[in-house]
Amino acid sequence: MSEESQYSEHPGGWIEWFCAHEDHQFLCEIDDDFISDPFNQVGIKGKFNFFNEAISMILQPTSPEDQDLEDERFLEVYQEASDIYGLLHARFIFTSKGSAIMRERFLQGKFGHCPRIYCEKQNVIPIGLCEDLKTARIKVFCPRCEEIYMPKKKCADIDGAYFGKSFPQFLLMTYPDLHPKFQLLPDTQIQVDFEPTLFGFKIAGKQGSKIKKYEQQLQHNHIITQPIVQSIEQNILQQEQKQYRIQKQEQQDQQQQSDQNKEQPQKKKNKKKHKQ
């Protein structure tokens, strides 16, 4: 879709136009009142040079035009407006209205699905690995395997700070019904662990699930090597203590030798005085 057609299809304002971009599909539309409220701007205003101009741009009732994108000043303010909107978005989704919007979008699968096959296309939740801008790109969190993945659509323009690290857990705690259910349907059997077969027969030497095998191997190695590591650490500690005692003894011996060397000249002087 060309930029010109995007403008014509979104005459509702800058916010609607901004959220309609293909790379901005994770974002929801924030209320004007929330954006203009000074309380919601606390801690954000001081980070930007054109804050007031950017807020005015965000609250514009019309979408940008083609000629605006050729203006360097407009593009400079637009970049800050994008980040300001993103930081305000990270706060808006923690409100009752914002979380309700995100809940519906999660249930509709708007954020994508978990790439792990055993999660059976579990819907995912956007998450940022850092609260600071320009640090980490947006990721998605699967509430079933509780792992973080890159979204299927790269979303290059979406900064992780637009959502923050706490949003998935907040959403799941606010709406407990979103937690994945593991109930089996009647006459349905879910095979948890994949087992490779050929025409229904097991394949010799193939166990399947390399991930599980690797995890079991790590656990096995940890159980076996833990006492060995502890023994090695104890031996090292004993050697260090022994070395310390030897060094301490050598220092004491050197100090005693030094004291004796000082006493000998003094004794000779006392003997000479006594003879006189």
Please list, chain by chain and in numerical order, all residues satisfying side chain to side chain contact (heavy atoms under 4.5 Å, CB included) with [X], sequence neighbours excluded.
X: C145; result: C114, R116, C119, C142, E147, Y149
X: Q169; result: F141, L172
X: E76; result: F50
X: T135; result: C130, D132

I'd like to check the side chain to side chain donor-acceptor pair (under 3.5 Å) partners of [X]; sequence neighbours left out, ordered by chain and number.
X: Q249; result: D253
X: Y85; result: none
X: N123; result: H113
X: K47; result: none

Between R91 and D37, does at least one N-O distance fall below 4.0 Å, as a salt bridge requires?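 A salt bridge is absent here (no side-chain N lies under 4.0 Å from a carboxylate O).
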Mind checking salt bridge (charged side-chain N to carboxylate O under 4.0 Å, His left out) for D31 and listing every partner two or more places apart, or none if nothing turns up?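 Per chain and number, D31 pairs via salt bridge (charged side-chain N to carboxylate O under 4.0 Å, His left out) with K97.
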Residue list, salt bridge (charged side-chain N to carboxylate O under 4.0 Å, His left out) with D33, at least two apart or on another chain: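 In terms of salt bridge (charged side-chain N to carboxylate O under 4.0 Å, His left out), with neighbours along the sequence ignored, D33 is linked to no residue.
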Can you sort out the partners of F34 under ring-ring contact (aromatic ring centres under 6.0 Å, His included), two or more places apart, ordered by chain and number?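 Partners of F34 by the ring-ring contact (aromatic ring centres under 6.0 Å, His included) criterion, ordered by chain and then number, come out as F92.
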Mind checking what makes ring-ring contact (aromatic ring centres under 6.0 Å, His included) contact with F163, not counting sequence neighbours?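 ring-ring contact (aromatic ring centres under 6.0 Å, His included) check on F163 returns H89.
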Would you say that [X] contacts [Y] through its side chain, given a criterion of any heavy-atom pair below 4.5 Å between the two side chains?
X: S36; Y: I55; result: no
X: L27; Y: F18; result: yes
X: I84; Y: I58; result: yes
X: S63; Y: W14; result: no

Between Y78 and F74, what is the ring plane arrangement, given parallel below 30°, perpendicular above 60°, and tilted in between?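 Y78 and F74: parallel rings.
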What's the shortest heavy-atom distance between K45 and N52, and which atoms?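 Smallest heavy-atom distance, with atoms named: CE-OD1, 3.9 Å.
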